[in-house]
K.L.:
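Handing you this structure, nothing more for now.
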Amino acid sequence: MDNIEENLLKQQAEMLAEFSNKQTLRAVDFVPFDVDRFIVPEYQGSKSQIVTLEDVDSHEKRLIFAALYVANYITFVLEEGTGGDRRALSYIATKFMTYLNALKIDQFNRVNILKGFEAYRVESDGVKTQSTGMIELIRLLNKALNYVPFGIELLATDDYKYLDLLSKNKPAANDGSVQTTLTDYFGFHSWLRRDDIGVGAHLYKRAESPKLLIKSFQITISSALFEINKAKHALIDLFSKKSVQPDYFPAKLIRPLRENYEGGRKNKQFRIDEAAFKVATLNNKKVFFEKLRNLFTGIEANNIINTALESLLYSQCVEEAQQYAKDEFWNTGKIPAQTAKISNKIVTVFRQQTEGALLFTPDFIQELVEYSVAKHKKIPISKGENYLFALLMSYQTIPYNDIYRIRLRDFRFSKRQTGEVTQIESEYFKSRSKSYHDIESIKGNSLLGTSILAFLNDRTDNLKVDSKLITDDGSLQSKMGPTANVSLFFKFLGNSSVRDVLNTHLSREKVSPVFIECVVAICEKGVRRETYERKNNNWLLNCETPTMTRIFSSEAVKNSRVHAESDNFDPTRITNYNSHSNKTERASYRTEDNQTWIDNCGKVTRNVMNDICLNVLRPSKSEVSEYNTTIESVLQTIKLRADNTLALLKVVTGKSDGKVNSLGFLVSNEGTEDSIPDYIYLVDAPETVLKLLHYLGELERCHKKIFERAPEYLFLEALPTAEWIEAVLSNRLFTKESITEGRKLYKKFKKDLPPIFTAFTGSY
């Protein structure tokens, strides 16, 4: 062989080696016993994890580690794992290996390692038994043992028996489940009550009421979905008008993966390629925004265009550079990758990794361009739209496990001859009960109906294509953090031009911004336990703004909606009982030792209910249990309605003008200084105290006749009103002067005051 041919072969070998090294996907060797670490790829917002075996001399630890390696290989390399397997490896495997690496194994605990991990998680992390990850680990062990190249071909008989024995460990019984709600979620963040770091006591108080909170949630989410949808279509129209071609924006760059390099991050070539990729990414983003700005030449920058641009800037730029980038975009059309004009130090303007963003990204813009050229495709749906629609389906009380099964055929539409949808009805298949359930119908022209229709029209090609509506991209279980995708998304909704639209809708419906204010504060200032305790500090004790690891769940939304509607009951049901003895009353439930009864009801409510039970209703012994349950439901409703009023109540003084109603409320709140649109104002004056005391006195005097003629009014209006009146008086919301003078006036004019409940009693 001559030198020329030899040189050619050598060059060919070098070219093949370089080509192989540059490939995005390379065959991964199956070597369960030859490695002491493996990588769990990024999954559903969780970053890639390195699972490491530190004690390589322990035979038991090496076997367990090898099994996890095999489960990871099957799941991510062979792509034969379920979503549950991916979540378990991404979240549980690293926690378990941390525990296993620190564990000293002996003959007594070698077969109870998984049980030990279960106990450790309950004691150390405070999770319920069903959330320790033990069940998931057993599933991963079984997956590895059932994989023939590992379980049958590689494992010795004794080793197989040992892993099989571990997989037979029985998890502890489930702890009692606790219903999670939005109220509970915000209740955990009690620091929101503070004015300096939270939203203030007045606004935070509304989060206590499921009815007030879920109404604020629904309007916020519906408005956001519709605005983002309009911004997307504005970009599609722009691309069509300008005849933008698919190759107009810079092509997407392929990130080098460390698992494709021998030695991973330690590989010199990997570090060189990664650095080059980062530089190229920043340049790509610069060019992208320059080209986008060129398209806006001659185009009026209205609110919808601003929303689209801000969505891009919030996802692509670091927080401190967002306003600077927006100004540069409109002024010069060029956004530098780095600048010292924002602060005293050089700031890198663009983020590196934005693929999982819920906001608009260059990749999503490319999809819109391709759609504008070939409109036979379905309109692209952004991750943010997918997330918001999923939340609205949770608001419609669809359980998490059934959300991803919803299809267009589950919806029914009533239309006018013009094609306008007037009513949206739906039913879904509830997997747990294996039956179909109807959900509340929606008016087509309502804010909720408009936003749902906008999403469905895009997702299904104008309601023609029957396909699954919601993609399971992990957004409903997103992790929190200042730069987490879900945090950036809610900060965009709360701080961008979209917020003006939200405020308009909230004000129009006289609903407070409690939901968006609270969730934005959590996203901006909340600190997760995992982040805080890296410094060996006690999180709950020392952290000023603790927050949960993940954003509120869809189940919390669903449960809050159910709770908000829980006051719909038939109060006349208690009239079906015919007898009730004083002995049974005292022995069963209506005593001063019953703290719930004392806490839930004011003095007037207790007196009225006691009188009705003792002197009007007479249930038999067999009916007492049902009677008790009914009374509890009544009391919950009374308290819920009273709490809703108290949450909105604001006592004002010094009002010399304006009209007040029969209870002392301002008929109009015009001219008040407060910005929360759902406030109701109670005038702090002796005359108001007189009216409230008269109301309580009249209710005690007339409650029997009201109960006989209008029980619904008694339980749904009169008693809740008495509850909040007593709360106002007992909590001393009025000044001492108003209380003192008001009581004197009531005592003086009590006999001369007119009756209040004549319309409900039929007499004086």
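Computed from a predicted structure; not experimentally measured.
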K.L.:
Using side-chain heavy atoms (C-beta onward) and a distance below 4.5 Å, is W330 in contact with F296?
P.N.:
yes
K.L.:
Looking at residues at least two apart in the chain, or sitting in another chain, which of them share a salt bridge (Lys or Arg N to Asp or Glu O under 4.0 Å) with E517?
P.N.:
R499
K.L.:
Would you mind listing every ring-ring contact (aromatic ring centres under 6.0 Å, His included) that reaches into residues 493-514, with sequence neighbours excluded?
P.N.:
none
K.L.:
F552 and F515: aromatic ring centres closer than 6.0 Å?
P.N.:
yes
K.L.:
For the pair K491 and E319, find out whether any cationic side-chain nitrogen is under 4.0 Å from an anionic carboxylate oxygen.
P.N.:
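Between E319 and K491 there is a salt bridge, with a charged N closer than 4.0 Å to a carboxylate O.
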K.L.:
Which value, rounded to the nearest 0.5 Å, describes the distance between D458 atom CG and L453 atom CG?
P.N.:
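The CG atom of L453 is 11.0 Å from CG of D458, to the nearest 0.5 Å.
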K.L.:
Looking at every heavy atom in both L313 and A325, which two are closest together, and how far apart are they?
P.N.:
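Minimum heavy-atom separation between L313 and A325: CD2-CB, 4.0 Å.
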K.L.:
Would you say S487's side chain and T483's backbone share a donor-acceptor pair under 3.5 angstrom?
P.N.:
no
K.L.:
Can Q323 and D327 be counted as having a side-chain donor-acceptor contact under 3.5 angstrom?
P.N.:
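Looking only at side-chain atoms, D327 and Q323 do form a donor-acceptor pair, the distance falling under 3.5 Å.
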K.L.:
Please tell me if the side chains of V318 and V349 come closer than 4.5 Å, counting only heavy atoms from C-beta onward.
P.N.:
no
K.L.:
Any side-chain heavy atom of K232 sitting closer than 4.5 Å to one from I381?
P.N.:
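Touching, per the 4.5 Å side-chain cut-off.
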K.L.:
Begin with the C-alpha distance, continue with both residues' side-chain angles, and end with the deciding distance and a verdict on side chain to side chain contact (heavy atoms under 4.5 Å, CB included) for R87 and Y91.
P.N.:
CA-CA 6 Å; R87 281 189 289 271; Y91 184 65; 5.9 Å; no
K.L.:
With side chain to side chain contact (heavy atoms under 4.5 Å, CB included) as the test, would you mind laying out the steps for I221 and V557 before giving the verdict?
P.N.:
CA-CA 12 Å; I221 300 302; V557 176; over 6 Å; no
K.L.:
When you measure from the side chain of S311 to the backbone N and O of T307, does any donor-acceptor pair fall under 3.5 Å?
P.N.:
no
K.L.:
What's the spacing between Q316 CD and Q352 CD if we round to 0.5 Å?
P.N.:
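Here the interatomic distance stands at 10.5 Å.
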K.L.:
Between the side chains of S475 and D473, is a donor N or O closer than 3.5 angstrom to an acceptor N or O?
P.N.:
yes
K.L.:
What's the shortest heavy-atom distance between I442 and Q396, and which atoms?
P.N.:
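Closest approach of I442 to Q396: CD1-NE2, 3.3 Å.
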K.L.:
Do V519 and T220 come close enough that some side-chain heavy atom pair is under 4.5 Å?
P.N.:
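Side chain of V519 against side chain of T220, heavy atoms only: no contact under 4.5 Å found.
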K.L.:
How many angstroms lie between atom CG of D184 and atom CZ of F188, to the nearest 0.5 angstrom?
P.N.:
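The CZ atom of F188 is 11.5 Å from CG of D184, to the nearest 0.5 Å.
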K.L.:
How close do S560 and L182 get, counting heavy atoms only, and between which atoms?
P.N.:
OG-N, 2.8 Å
K.L.:
Parallel, tilted or perpendicular for F413 and F411, by the 30°/60° rule?
P.N.:
parallel
K.L.:
For L448, is there any backbone N or O sitting under 3.5 Å from a side-chain donor or acceptor partner on S451?
P.N.:
yes
K.L.:
Applying side chain to side chain contact (heavy atoms under 4.5 Å, CB included), run through K443 and Q423 and close with a yes or a no.
P.N.:
CA-CA 5 Å; K443 290 183 179 179; Q423 203 79 7; 4.2 Å; yes
K.L.:
Working note: F186 + V199, criterion side chain to side chain contact (heavy atoms under 4.5 Å, CB included); need CA distance, chi angles, decisive distance, verdict.
P.N.:
CA-CA 11 Å; F186 290 128; V199 299; over 6 Å; no
K.L.:
Just how far is it from atom CG of L392 to atom CZ of F389, taken to the nearest 0.5 Å?
P.N.:
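So the gap between those two atoms works out to 7.5 Å.
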K.L.:
Which atom pair, heavy atoms only, marks the closest approach of L469 to N386?
P.N.:
O-OD1, 4.1 Å
K.L.:
Without swapping roles, check the side chain of T547 against the backbone of R528 for a donor-acceptor pair under 3.5 Å.
P.N.:
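Between the backbone of R528 and the side chain of T547 there is no qualifying donor-acceptor contact (under 3.5 Å).
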K.L.:
Would you indicate whether the side-chain heavy atoms of Q477 and Y400 approach each other to under 4.5 Å?
P.N.:
yes
K.L.:
Do the side chains of E227 and K230 get close enough for a salt bridge, i.e. N-O under 4.0 angstrom?
P.N.:
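K230 and E227: salt-bridged.
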K.L.:
Shortest non-hydrogen contact from C523 to F490?
P.N.:
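Nearest pair, atom of C523 first, then F490: SG-CB, 4.0 Å.
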K.L.:
For A207 versus L213, what's the shortest heavy-atom pair and its separation?
P.N.:
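Looking at all heavy atoms of both residues, the closest pair is O-CD2, 3.8 Å.
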K.L.:
Side chains of L238 and K241: does their closest heavy-atom pair fall under 4.5 Å?
P.N.:
no
K.L.:
If you define the side chain from C-beta out and look only at heavy atoms, does anything of F249 sit under 4.5 Å from L295?
P.N.:
yes
K.L.:
Within this structure, what is the NZ-OG1 distance for the pair K285 and T281, rounded to the nearest 0.5 Å?
P.N.:
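Reported value, rounded in 0.5 Å steps: 7.0 Å.
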K.L.:
Treating R351 as the side-chain partner and C317 as the backbone partner, does any N or O pair qualify as donor plus acceptor under 3.5 Å?
P.N.:
yes
K.L.:
Considering only heavy atoms from C-beta outward, does the side chain of K468 approach that of Y404 to under 4.5 Å?
P.N.:
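A side-chain contact is absent here, since even the closest heavy-atom pair is not under 4.5 Å.
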K.L.:
So, does R561 use its side chain to make a donor-acceptor pair with the main chain of Y395 at under 3.5 Å?
P.N.:
yes
K.L.:
Are E555 and T180 close enough that a side-chain donor and a side-chain acceptor fall under 3.5 Å?
P.N.:
no
K.L.:
Give a yes or no answer on whether the side chain of N284 reaches the backbone of A251 with a donor-acceptor pair at less than 3.5 Å.
P.N.:
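Pair found, side chain donor or acceptor close to backbone of A251.
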K.L.:
Using atom types as modelled and distance alone, determine if a side-chain donor or acceptor of T460 lies under 3.5 Å from a backbone N or O of L456.
P.N.:
yes
K.L.:
Is a salt bridge present between R405 and D402, judged by a nitrogen-to-oxygen distance below 4.0 Å?
P.N.:
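Salt bridge flag = yes for D402 with R405.
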K.L.:
With no hydrogens and no angle check, is any side-chain donor or acceptor of K326 less than 3.5 Å from a backbone partner on L309?
P.N.:
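Such a contact is absent between K326 side chain and L309 backbone.
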K.L.:
Under 3.5 Å, side-chain donor or acceptor atoms of residues 357-370 against the rest of the protein: list the pairs with distances, not counting sequence neighbours.
P.N.:
residue	atom	partner	partner atom	Å
T361	OG1	F364	N	3.2
Q366	NE2	P246	O	2.6
Q366	NE2	E370	OE2	3.4

K.L.:
Scan side-chain atoms only and decide if E310 and S497 contain a donor-acceptor pair under the 3.5 Å cut-off.
P.N.:
yes
K.L.:
With a 3.5 Å distance limit and no angle check, can you tell me whether D466 reaches the backbone of R409 through a side-chain donor-acceptor pair?
P.N.:
yes
K.L.:
So how far is it from S426 OG to M393 CE, rounded to the nearest 0.5 Å?
P.N.:
7.0 Å
